[in-house]
2 protein chains.
Amino acid sequence: MDAENILAEHGLRNTEARHGVLDVFNKYDYALSHSDLEKELQKYFDRVTIYRTIHSFLDKGIIHKVIDDSESAKYALCADECSSDRHHDNHVHFKCAKCGNSECLNHVQIPSINVPKGYLVSESNLLIEGVCASCN
Amino acid sequence: MDAENILAEHGLRNTEARHGVLDVFNKYDYALSHSDLEKELQKYFDRVTIYRTIHSFLDKGIIHKVIDDSESAKYALCADECSSDRHHDNHVHFKCAKCGNSECLNHVQIPSINVPKGYLVSESNLLIEGVCASCN
DNA sequence: ATACTTTTGCAACTGAGTTTCATTTATGAG
DNA sequence: CTCATAAATGAAACTCAGTTGCAAAAGTAT
């Protein structure tokens, strides 16, 4: 699906900045931080615009946050059908100690966990660290 | 075990600041951020000292990082025997959406996950979000 | 083409965390 | 106990991530 349709389907206006950010996400197969995006887009868009684009994409379910032990937040495209109502990403994230990239293992589901009595689970987030297939 | 022995066992000098930080960790049963520690200790110690204490505790295996989707890092005491050589914390972390606290579920282990061919796992980190026993 | 709403750029700001360096403190040897 | 040494602390200044307010620009529906 092209960028224009993705934006329209999620109720976002079709602007150059959003188009540009989507293109960068499509170009890489691992999670990107604001500064990764900025490196590629700073000639064209302001850094604040990139922050705001990340927020609207998160909000509308176009990207999801990839939790990682690094300082700065990273994001990746949602594979499943997500919307602003609900994110459906229930896959494992893998961070490579060699190349430093974090990727979505879209086909590896997070198993359900038995929590102690009295606890209610709404979502879970599993980060595995190690060496990725490209670096191994 | 008292604070003085904990410090000595991990090869750290027995200072007031470290004593104070340990006391705060013992006082709460959930993970603390630098600013949580600072709130309790700012009258006595400089904020930079608190940062450095966190680093040496992390390094020596007295505390471990609790990964969380919030901006600031949180830390909790290691239950298992950890050293600077190796951390042995393999338990689940739980973040409550109501009170905002993150705690260690020390008795809930992270299950081992089958990753795709070519990937090597060295450690994993599982964060569950929901409502904790106290808030439920 | 117009009117209205959303998005953008810019400047200024906040908050987390780090670095440098001079001073103070803990500790082990004599 | 005293002293020398190495480690820890405080203070100021700094970097980097992220946010806010506002005026100008661009998208969209009519």
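The chains referred to below are lettered A, B, ... by the order of the sequence lines, with proteins before strands, and numbering in each begins at 1.
The interatomic distance linking B:Q42 (CD) with D:dG10 (C1') rounds to 15 Å, in whole Å. Rounding to whole angstrom units, CD1 of residue B:I54 and C1' of D:dA8 are separated by 16 Å. In this structure, A:E38 places its CD atom 8 Å from P of D:dA17, rounding to the nearest Å. One can place OH of B:Y44 at 13 Å from P of D:dG10, the figure rounded to the nearest angstrom. Here D:dG27 presents its P atom at 11 Å from CD of A:E4, a figure rounded to the nearest Å. Rounded to whole Å, the distance from CG on B:D59 to P on D:dA7 is 14 Å. In this structure, the CG atom of B:N14 is 21 Å from the P atom of D:dA6, given to the nearest Å. Atom-to-atom, CD of A:E16 to P of D:dG27 comes out at 7 Å; the value is rounded to the nearest Å.
A donor-acceptor pair shorter than 3.5 Å can be found between the side chains of B:D36 and B:S33.
Residue-to-nucleotide proximity on DNA chain D shows that, of B:D46 and B:R13, the 5′-proximal contact is made by B:R13. If you find the closest nucleotide of DNA chain C to B:A73 and to B:R52, the one lying nearer the 5' end belongs to B:A73.
Side-chain N/O atoms of B:H55 include one lying less than 4.0 angstrom from OP1 or OP2 on C:dT18. Phosphate contact (OP1/OP2 of D:dG10, side-chain N/O of B:T49, threshold under 4.0 Å): present. A sub-4.0 Å separation between OP1 or OP2 of D:dA17 and a side-chain N or O of A:S33 is absent.
Nearest heavy atom pair, residue A:D89 against residue A:A79, reads OD1-N, 4.1 Å.
Here the side chain of A:S35 is nearest to one of D:dA17, D:dG27, C:dT18, namely D:dA17. Between D:dG18, D:dA8, C:dA16, one nucleotide has an atom nearer to the side chain of B:S72 than all others, and that is C:dA16.
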Can you give me every donor-acceptor pair (side chain of residues 66-73 of chain B, partner residue at least two apart or in another chain, under 3.5 Å) with its distance?
| unit_1 | atom_1 | unit_2 | atom_2 | d |
| --- | --- | --- | --- | --- |
| B:D68 | OD1 | B:S70 | N | 2.6 |
| B:D68 | OD1 | B:S70 | OG | 2.9 |
| B:D68 | OD1 | B:K95 | NZ | 3.3 |
| B:D68 | OD2 | B:S102 | OG | 2.7 |
| B:D69 | OD1 | B:K95 | NZ | 3.3 |
| B:S70 | OG | B:S72 | O | 3.2 |

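Scanning atom types as modelled, no donor and acceptor separated by under 3.5 angstrom connect the side chain of A:R47 and the base of C:dG9.
Checked against the 6.0 Å centroid threshold, A:F57 and A:Y75 do not count as a close aromatic pair.
Partners of A:D23 by side chain to side chain contact (heavy atoms under 4.5 Å, CB included), not counting sequence neighbours, listed by chain and number: A:H19.
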